[in-house]
Amino acid sequence: MKIARFSVALIVAWGLAIFLFGGSVEAQSLPDLVRPVLKARLDGPANGAPPLCRAETPCRSARLADFYRQRSFGPAWVLKNGPSPQADRLLAVLWTAGQYGLSPTDYHYEAIRNLQSSWRIAGKWTPAEGAEFDLLCTDAFMLFGSHLLSGVVDPNGLFRMWEARPRFVDWPAYLQDALAAQTVDVHLQVLKPEYPGYDRLVAVAADYAKIATGGGWPVIPPGKSLKMGTSDPRVPILRRRLIAGGDLAPAMASEDPRFDEALDQAVRRFQRRHGLAEDGAVQKETLKALNVPVERRVAQMLVNLERWRWLPQEVGSRFLFINIPDFSLTAVENGRAPLSMRIVVGRRYSRDPKIDYRTPVFTGRMTRLEINPYWNVPHNIAFREYLPKLKKDSLSLQKQAMKIIIGRDTVVDPQTVEWEKLNEQSFKKYRIRQDPGAFNALSHIKFLFPNRYDVYLHDTPQRSLFKRTVRDFSHGCMRVEKPVDLAVYLLQDDVNWSREKIQAAIRKGRNMGVELPAPVTVHIAYWTAWVDPDGTVQFRDDIYRYDSVLEAVMGTKTSILAAWNGGRTASASAEKGTRMGKKKNMLGTGREGNTTWMRSATN
């Protein structure tokens with residue numbers, strides 16, 4: 001009797017369910033169970049803290065919550081029958097992060113794979129596990145995509161003298177498109193910089209990493225200079241080192257201790273590739289460069305891959321490219337280099353911590369040049385270098401054709417000013433201007449591209465500096481070796497100007513501004529490792545010590561090959577309080593209390 005009553009009640013309940021819901025009653029699907037967990041996770045933090053992708057693992061993508069709100073918190077990577085096949089595509093592309101100097105472990109690789117494995121073993125997840133899997137996959141896609149697109153580090157926050165314009169995409173919309181097209185991997189791969197130079201550096205970094213994992217290259221012991229005609233037991237070691245680096249053909253391997261012509265040519269090639277004086281002799285600087293471990297060269301390449309990601313989306317078909325560590329300027333036009341020259345860049349150090357003489361890194365637009373320019377001495381230079389001279393001798397600047405100006409253009413007799421009573425603030429009412437002529441610090445031509453650093457390209461009367469290998473002597477502006485050649489190139493589309501007319505204008509000695517026929521983009525870069533189109537691998541010294549700072553932030557310094565093997569230990573936090581950390585402020589690289597230099601998917 002009781003059984004019959006229970007059966008009747010069950011049938012009534014079943015019928016009521018069918019009446020109310022219009023069909024059969026089923027258990028909630030996994031996505032339905034995951035949805036409220038996602039909503040609770042993403043709506044939960046009330047203190048502005050990021051949501052947790054899993055226990056004690058905060059999500060790093062700022063647009064992650066927006067993505068889920070647009071989906072009404074529906075999961076993107078969890079289907080009724082378990083993990084989406086797109087998660088396999090995501091894991092496959094995350095595993096390639098090492099070749100770009102990034103690490104899969106930074107993008108939840110192990111956590112995603114472990115959750116995926118647990119499903120395949122048990123055939124089930126709790127709603128919390130499903131939510132974790134979905135959040136980890138979304139966070140990984142957005143974060144890895146952002147790092148491929150714009151870099152791991154924001155240089156604007158890390159370096160004082162650096163200005164970059166990061167590339168952005170609408171991450172919620174971009175991920176939704178990738179999921180709809182079922183091409184998560186392709187959508188990520190196309191975000192990397194589409195520059196041949198980037199791909200060349202990726203390939204060579206992999207080659208050097210193989211050398212490192214194979215034991216590296218030999219170290220040459222110290223001793224007397226090695227050069228043509230000498231005989232030394234270290235010569236066979238030198239040959240092996242040059243063969244390992246690609247400067248000497250493997251067929252030239254020999255245990256002969258004599259330094260022959262083939263070895264001389266190989267050393268010269270090595271010196272050219274490293275920006276050293278090319279004399280064929282292995283002396284102090286060349287020996288030092290030869291003995292840099294291959295792991296350090298890989299590290300150098302990895303930080304320069306990061307700098308490629310800071311470049312604008314389009315560099316243009318015609319531009320001037322300035323590489324500070326190479327002390328060079330190259331005009332690029334449709335992939336060709338019709339003009340190149342040496343330059344002098346800003347000094348690496350300043351005795352006064354308030355002054356930074358380093359040449360800044362940024363992109364500008366050159367619009368005009370000036371023939372026979374005036375030099376309006378910047379206030380910090382005038383105060384620290386010229387005011388002391390005026391205090392000693394009020395007429396000292398006249399020997400250099402310099403005048404004291406007040407207001408717009410009023411010349412002041414320097415003997416009427418009580419220079420010894422002036423301080424930095426009261427001195428601001430005066431400015432020092434140098435007239436055009438033989439003594440002018442800018443010499444005959446300056447090239448202008450407006451920027452917040454007030455730097456430009458210019459000629460110089462100090463021509464002997466271009467004979468030096470290392471050329472960081474300026475106050476920040478860039479002195480060019482061939483100013484007339486550069487002016488001819490920039491004005492080539494203006495029928496009113498030719499080399500002869502430019503030189504005639506210089507001889508007249510009169511100040512003259514000339515508008516360029518079309519603006520020309522100027523890219524000022526800081527590359528210490530790159531690969532030429534012909535495959536030549538180039539290295540330069542880190543004159544401003546930007547490499548070491550970036551390595552510490554990205555974690556490549558303490559475990560350089562870990563990124564290639566799928567993992568990397570970040571050393572930024574360990575650096576706090578160390579000698580490097582204390583030096584950062586002096587170097588203009590530390591931003592105390594500011595962690596904005598670590599980039600996330602912020603748009």
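All values below were derived from every heavy atom in this structure, side-chain atoms included, with hydrogens, water molecules and symmetry-related copies excluded. Note that the structure is predicted; figures quoted are calculated from it, not measured. Numbering of residues begins at 1 and proceeds along the displayed sequence.
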Evaluate the side-chain proximity of [Y] to [X]: yes if any heavy-atom separation is below 4.5 Å, no if none is.
X	Y	answer
Leu329	Leu457	yes
Leu448	Leu369	no
Arg54	His108	no
Met161	Tyr546	yes
Pro193	Leu311	no
Pro75	Leu38	yes
Arg63	Asp170	yes
Trp217	Tyr208	yes

Is a salt bridge present between [X] and [Y], judged by a nitrogen-to-oxygen distance below 4.0 Å?
X	Y	answer
Asp547	Arg307	yes
Asp542	Arg545	no
Arg200	Asp534	no
Arg41	Glu132	yes

Selection residues 321-341 - residue pairs positive for ring-ring contact (aromatic ring centres under 6.0 Å, His included), sequence neighbours left out: Phe321-Trp527

Test log, rule side chain to side chain contact (heavy atoms under 4.5 Å, CB included), inputs Tyr456 and Phe447: CA-CA 6 Å; Tyr456 42 85; Phe447 306 85; 5.9 Å; no

Sequence neighbours left out, what passes ring-ring contact (aromatic ring centres under 6.0 Å, His included) with [X]? Give chain and number order.
X	answer
Phe141	none
Tyr107	Phe144, His147
Tyr195	Trp308

Partners passing side chain to side chain contact (heavy atoms under 4.5 Å, CB included) against [X] (at least two apart in sequence or in another chain):
X	value
Pro450	Thr367
Pro58	Pro50, Leu52
Val522	Leu320, Ile322, Met366, Phe449, Ile524

According to side-chain hydrogen bond (donor to acceptor under 3.5 Å, both in side chains), who are the partners of [X], at least two apart in sequence or on a separate chain?
X	result
Arg365	none
Asp88	Gln116, Arg120
Asp532	Trp530, Gln538
Tyr109	none

How far does [atom1] of [X] sit from [atom2] of [Y], to the nearest 0.5 angstrom?
X	Y	atom1	atom2	answer
Thr96	Leu148	OG1	CG	7.5 Å
Leu90	Leu188	CG	CG	6.5 Å
Trp162	Tyr544	CH2	OH	11.0 Å
Trp95	Arg113	CH2	CZ	7.0 Å

Kindly say whether [Y] contributes a backbone atom to a donor-acceptor pair with the side chain of [X] at under 3.5 angstrom?
X	Y	result
Asp472	Val345	no
Ser150	Arg167	yes
Asn323	Ser328	no
Gln86	Val184	yes
Ser146	Leu143	no
Thr528	Arg540	no
Glu306	Val153	yes
Thr138	Leu135	no

Distance-only donor-acceptor check, side chains Asp32 and Ser29, under 3.5 Å: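 Checked: Asp32/Ser29 side chains pair up, N/O donor to acceptor below 3.5 Å.
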
Arg318 NZ/CZ over Tyr489 ring centroid, <6.0 Å and within 45° of normal: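 Here Arg318 passes the 6.0 Å and 45° test against Tyr489.
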
Full working for ring pair (Phe, Tyr, Trp, His ring centres under 6.0 Å) between Phe133 and Trp119: CA-CA 11 Å; Phe133 182 81; Trp119 171 273; 9.2 Å; no

Of all pairs that satisfy side chain to side chain donor-acceptor pair (under 3.5 Å), the ones with a partner from residues 175-184, not counting sequence neighbours: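 Listed by first then second residue: Arg71-Gln176, Thr183-His187.
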
Test log, rule side chain to side chain contact (heavy atoms under 4.5 Å, CB included), inputs Asp43 and Arg69: CA-CA 10 Å; Asp43 283 348; Arg69 289 192 184 100; 3.6 Å; yes

